[in-house]
Each structure stands twice: as structure tokens, then as C-alpha cells.
Amino acid sequence: MGANGNGHKKGEFSITQDAQAMLVKAERDQVETVWDRFQAQQPSCGFCETGLSCRICAMGPCRIDPFGEGPQKGVCGADADIMVARNLARMIAAGAASHSDHGRDLVETLTAVAEGKAEGYGIADPDKLQALAAEWGVEVEGKDELALAGALAYAMEEDYGMRKKALQYVTRAPAKRQEIWAGLGITPRGIDRETSEMMHRTHMGVDNNWVTILLQGLRNSLADGWGGSMIATDVSDVLFGTPQPHASQANLGVLKEDHVNIAVHGHNPVVSGTVLQSVEKEELVAAAREAGAAGINLVGLCCTGNELLMRAGVPQAGNHLMTELILVTGALDMMIADYQCIMPSLGEVAGCYHTRMISTSDKAQFPRFDHREFHPETAQATADQLVRDAIEAFKNRNPDKVNIPVEPMDQTTGFSIEAILGALGGTPEPLLDAIKDGTIRGAVGVVGCNNPKIKHDYAHVTLMRRLIENDILVVDTGCAAVASAKAGFKNAAAKEWAGPGLRKICDAVGIPPVLHLGSCVDNVRILTLLSALANALGVDISDLPVAGSAPEWYSEKAVAIGAYFVASGVTTHLGPMPPVAGSMNVVGLLTQGLEEHVGATFAVEPDPEKAAVILMKHIEAKRAALGLDSREVGEAADTAAPATPAAPVA
Ligand code: SF4
Ligand code: MSK
């Protein structure tokens with residue numbers, strides 16, 4: 001079944017030229033894509049969509065009739081509020097567990113480096129290692145670099161446990177925010193502890209107060225944002241380098257017809273960082289030339305792509321919904337995956353071409369992939385062998401099946417907090433001055449995934465365009481960052497799309513209007529930046545004219561990120577509706593009630609034009625509350641936002 005064999009036009013699925021071209025080719029090559037399977041699932045289950053189904057125990061599965069005609073309680077007696085709260089809380093737990101386990105893998109790699117058991121890895125940023133050691137209270141005196149790394153890793157491992165009253169990084173938050181968490185009883189303790197407790201509370205017959213279930217959900221998310229993810233980002237910087245601005249490119253045009261093309265996919269730089277070293281080895285490049293290629297071309301997908309892009313300028317081929325379509329180019333010789341967001345369909349798509357598919361993590365295997373497990377002790381040798389195998393696969397490439405559909409788009413990337421502060425002269429003051437005098441109205445972090453429910457990249461690009469043209473600085477991560485790069489928001493000409501104030505700042509500092517902060521775990525860079533801004537102003541994060549947005553989210557990790565943004569005081573917009581509409585009490589708490597407790601709420605709006613208005617009004621209200629000048633924000637035109645059609649178009 002081809003992607004368009006059902007009567008759809010390519011342009012209905014994606015705004016991007018490379019996706020549209022590959023959807024045509026997918027149909028020709030008889031490749032099934034995520035959009036085909038999405039349509040085959042329609043109509044989706046209304047109970048699940050509203051959070052009113054439960055399969056937590058074997059007395060069920062149960063469902064509640066939202067129209068009041070059928071059952072109103074599960075077999076155990078759980079009502080709609082309990083059911084919806086439990087389901088949402090378990091999404092947060094899964095998301096927090098994913099990012100935090102990613103962090104643990106990095107800490108274990110740091111330990112292996114310290115013990116001299118990790119060939120191919122080292123300390124890339126000794127200054128950051130020193131700074132973190134000081135922050136974590138690690139005794140520096142008498143320790144060489146590796147001993148210090150080992151001691152820091154040990155201290156971080158302790159935060160995964162249950163012996164502490166609060167995680168170390170909680171102290172990075174403004175004092176007022178820490179007081180709010182303490183007052184609500186949601187200061188995160190052990191990283192694993194909060195996830196464990198969340199799963200315990202939502203077992204049948206434990207916590208049946210929907211409010212306290214959701215409060216633990218916030219604490220669980222904070223254990224990710226101010227724990228596991230923050231550790232992941234900081235240790236990645238220590239091991240692979242703290243990003244600095246540099247040039248790169250984005251879209252499927254980064255593939256090279258005359259090169260051996262290898263894509264890394266997933267999230268954790270532990271694998272992809274080693275592959276990067278292998279593709280640069282002279283003997284492997286020579287082997288590629290002997291095989292008739294001009295060289296070896298490494299490209300990224302999703303967040304492990306963002307990790308390599310931020311630190312080494314490795315070009316970014318695509319985001320979540322491009323991961324099947326890159327195979328359809330017929331030009332990819334090998335895909336090396338670690339974990340998270342890797343669709344189990346990929347092996348089947350690759351079967352239509354010559355592409356070798358490799359899984360590398362002991363905790364993530366996929367149909368029709370070769371499993372070549374990476375361990376720090378042997379990672380470099382494993383990566384070298386994979387590159388040799390990719391060269392062999394190149395020899396099997398069928399030139400008749402190759403189509404690289406577009407030219408690459410230039411982008412600037414690498415905006416760690418250290419890099420942003422460096423560009424500002426070492427202090428956040430110039431940014432604060434620009435916000436205070438209204439040159440910049442505020443800032444929005446646009447983050448998260450793609451989702452076939454929303455036209456691919458439409459919501460990301462539309463929202464960001466409206467924000468920057470209204471003088472709002474955008475920082476982005478994850479798949480949103482790939483969408484904006486492909487749209488050209490990060491190249492030299494992008495400032496022309498910015499409002500006059502933001503354009504002035506772009507000119508003065510030499511930055512694009514959309515700053516790439518990294519991968520999904522790197523959303524914590526936003527928390528760190530906001531803490532620095534709030535502390536410099538002597539206010540809380542919730543007082544700042546800022547917001548968050550996940551316009552095309554799909555993942556449980558995005559739910560955890562949204563929850564820790566809100567719990568940290570950042571009002572956050574979601575495009576797709578989370579499965580909570582079955583409980584008006586839960587909806588009311590998330591979209592209104594949280595304001596008085598944490599100073600922020602969720603807002604749900606699938607139409608990015610309307611979402612832009614919501615976010616701009618929020619920013620202007622925050623400005624007014626700070627005593628800064630405030631503008632009127634007009635309503636968005638009432639246009640129907642293009643979504644992926646649920647049924648074939650006649
Ligand atoms: Fe049904 Fe309650 Fe069991 Fe859920 S926990 S499946 S609502 S009996
Ligand atoms: S990869 S979590 S689809 S952003 Fe981080 Fe993209 Fe979302 Fe995965």
C-alpha cells in the first residue's frame with residue numbers, strides 16, 4: 001500500500017518539499033508509511049482518546065461512558081477523575097523514566113572513562129567537569145581529572161536513589177521556586193524513586209485522590225527536568241564537549257549520492273559520538289574510496305542527530321516523521337539506532353532498499369535490524385566495524401532507486417547556555433535589557449515531536465514564524481528544531497522574517513531569531529537559562545515573559561517535559577490534546593487551577609495561529625505584571641488548521 005494510493009495528495013501530509021517528494025516515491029516503491037498506518041487506525045478509540053479506559057488490572061479492562069449512558073465507574077470503582085489522572089500520571093512516569101535512564105547510561109559511561117575502561121571516550125570539557133564537581137560538592141583537592149570524573153559520577157548515581165531529601169540540581173532553581181515546590185510537597189527526591197512511587201500510587205487500590213496523583217505526577221516530572229535530563233545534558237557536555245555556535249545544514253539534501261551515507265537515529269550520544277570518530281578515521285575513508293565512494297557522509301536523525309549537530313556540526317537529515325522517508329531515498333547505506341522514537345516499521349521499509357539497519361542498545365531491539373550491542377569497553381571497535389559494513393552495503397546500492405530530492409538548507413546551531421552567555425559578553429544583562437525596554441517582548445521554547453495527526457512541521461513552522469515576526473525570541477530543541485532549520489529560520493537570511501526589535505538583536509549579537517538548544521534532554525538548558533534570568537531580576541521563573549510550546553508532540557517524554565515546564569513556572573502550550581478530556585476536573589486543574597499553585601498552566605490549541613496569539617497574550621500579561629510596557633494582541637483569523645485527514649479524500 002503506497003502512501004498516496006488512497007487518494008491523498010502529498011501536500012496534505014507535510015509542508016516540506018523533501019517529505020512530499022519521498023511520499024510520491026514511497027507510493028511508487030510500494031512502501032507503507034506512518035501516514036498509511038495512521039489512516040488505517042481511524043476512527044481511533046474515543047475512550048482511549050479521552051483517558052476514559054483503563055487496563056491497569058485484570059478485573060478490567062474498563063471504560064467510562066463520557067455521555068453518561070454507559071458505565072460511570074470501573075470494576076474497582078474508579079471514576080473518570082481517578083482514571084484520567086492515573087493514565088496521565090503513568091505517561092509522565094514513562095517519559096521521566098526514559099530521559100532519566102538515558103542520563104544513567106551517560107553517568108555509567110563517565111564511570112567507565114574514569115576507570116580507564118572506555119576506549120574512544122574521554123573528558124572533552126574539563127572546565128565543565130570542574131564546575132560540576134564544585135556544584136555537586138565533590139572534593140577536588142588531590143584528584144586528577146579521571147578521579148574527579150569518577151567521584152562526580154558516583155555523586156550523580158546517588159541522585160538516582162532514595163537517600164536524599166532533594167536532588168542536587170534543585171538548588172539551581174530560584175529560591176522562590178524551591179519554596180513553591182517545598183510548600184506543595186513536590187520537591188523531587190530520588191530520580192528513580194519518584195517514578196517508582198508514581199507507578200506504586202497508580203496501582204489499583206493505592207492513591208485514589210486525583211489531585212494527589214497529579215501532584216506526584218509533577219514531582220515525578222521535576223525529577224526528570226531537574227534530575228535525570230539535567231544530568232544527561234551536563235554529562236554529555238563533559239564527555240563530548242559543550243556546544244558552541246557553528247554552521248551546518250538540514251533536510252534530506254544532506255545525503256550525498258557519491259558518498260557512503262550513514263545515519264544515526266535515536267537519542268544518546270554514547271553511540272553516535274563514537275560513530276562520528278570512526279567515520280573520520282583515515283583508513284576507513286580510504287576503504288570507502290576503494291569501494292568507489294568519494295568519502296563517508298554521516299548524518300543525524302531526531303535527537304541523537306541533534307546531539308552531534310550541536311557539538312560537531314554533523315548535518316541533520318530529518319525529524320521523527322522523516323525517519324521512514326530517509327530510507328525511501330534509496331541513498332542511505334546504514335542506519336545506526338540507539339533508543340527512543342525509533343519506529344518498529346523501519347526494518348520493513350529498509351527491506352525495500354539496500355540499507356543495513358543496526359540496533360546498538362541492550363534495551364532496544366527492532367524487527368529486521370542486526371543487533372550489534374555497544375558497550376563503553378568496546379564501543380570504538382564496534383563503531384569501526386559498522387562503518388566497514390556500511391561501506392560493503394554501499395556496494396549493493398541500486399542507483400536506479402536513488403533520489404535525493406532537495407538541496408540542503410544552511411543553519412547555525414550550537415547554542416548551549418554557555419555559548420549564549422558568551423555571545424552576550426558573559427552575562428544575561430544585554431538579553432534582560434532588551435526584554436525590559438521591549439526590543440524583545442519575551443521568549444518561547446518550542447520543543448517536541450511530529451505527530452501524523454498534524455500536518456508534518458506545519459504547526460512548528462507557523463508558530464515560530466508568528467512569534468519571531470512579533471519580536472519574540474524562539475529557542476528550540478528536538479524535532480521542532482529540525483522543522484525550523486529546514487524552514488530556514490536558522491540561516492543568515494532568517495532575521496528578515498523577524499520583527500524590527502528582534503532583528504536588531506540578531507544583528508547586534510550575530511544570532512538567528514531561532515536558537516537551537518539541542519535535543520529533548522537539552523530542554524533543561526531552557527530551565528537553566530530561565531533560572532539565570534529570574535535570579536538576575538530577583539524574581540521567580542513564573543514572573544518572566546516566557547512560555548513553552550510542543551505544537552506537534554506525540555511522546556510520553558513530551559508529557560513529562562510539559563509537566564516539568566509547568567511545575568517550574570513556565571506556561572506551556574500543547575498542540576495535540578492529551579488524553580484528559582474525560583475529566584473536566586483534571587482539565588480544569590491543568591489549564592487553570594495550577595496557576596495559583598505553581599504560577600503556570602497548560603494551554604491546548606491545535607491551530608498554531610491561535611496558539612501564537614495565546615502565547616503572545618501570555619507574554620504581554622507577564623510584561624505588564626513586571627511593570628514593563630505591554631501591547632495589545634489581536635485575535636488570529638479563524639482559519640481551519642490543516643490536519644492530516646482522517647479519511648481518504650474523495
Ligand atoms: Fe478496571 Fe479499576 Fe482495574 Fe482499572 S484498576 S482495569 S478501572 S478494575
Ligand atoms: S526525537 S521525543 S520525536 S522531539 Fe527527541 Fe523528536 Fe519527540 Fe522523539
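Order of appearance sets the numbers: ligands from 1, and atoms from 1 within every ligand. Predicted model only: the values in this text are computed from it and were never measured. Index from 1, following the sequence.
- Atom 5 (Fe) of ligand 2 lies under 2.8 Å from an N, O or S atom belonging to C303.
- Looking at H320 and V34, their side chains never come closer than 4.5 Å, going by heavy atoms from C-beta outward.
- When side chains are defined from C-beta on, V406 does not count as touching T16, because their heavy atoms never get closer than 4.5 Å.
- Side chains of Q244 and H246: no donor on one and acceptor on the other come within 3.5 Å.
- Not close to ligand 2: W553, with no non-hydrogen atom less than 4.0 angstrom away.
- No cation-pi contact links R311 to F240, judged by a cut-off of 6.0 Å to the six-membered ring centre and 45° from its axis.
- One of the N, O or S atoms belonging to C520 lies under 2.8 Å away from atom 5 (Fe) of ligand 2.
- Ligand 2 is approached by K557 to a heavy-atom distance shorter than 4.0 Å.
- The side-chain hydrogen bond (donor to acceptor under 3.5 Å, both in side chains) test with T195 singles out one residue from D224, N220, D101, and that residue is N220.
- Taking backbone and side-chain atoms together, C302 has no N/O/S atom less than 2.8 Å away from atom 5 (Fe) of ligand 2.
- No side-chain N or O of T360 forms a donor-acceptor pair with one of D338 less than 3.5 Å apart.
- Note: H102 and H99 have perpendicular aromatic rings, judged against thresholds of 30 and 60 degrees for the angle between ring planes.
- Nearby protein atoms of type N, O or S around atom 4 (Fe) of ligand 1 amount to 1 (distance under 2.8 Å).
- The shell of residues lying under 4.0 angstrom from ligand 2, judged by heavy atoms, includes G448.
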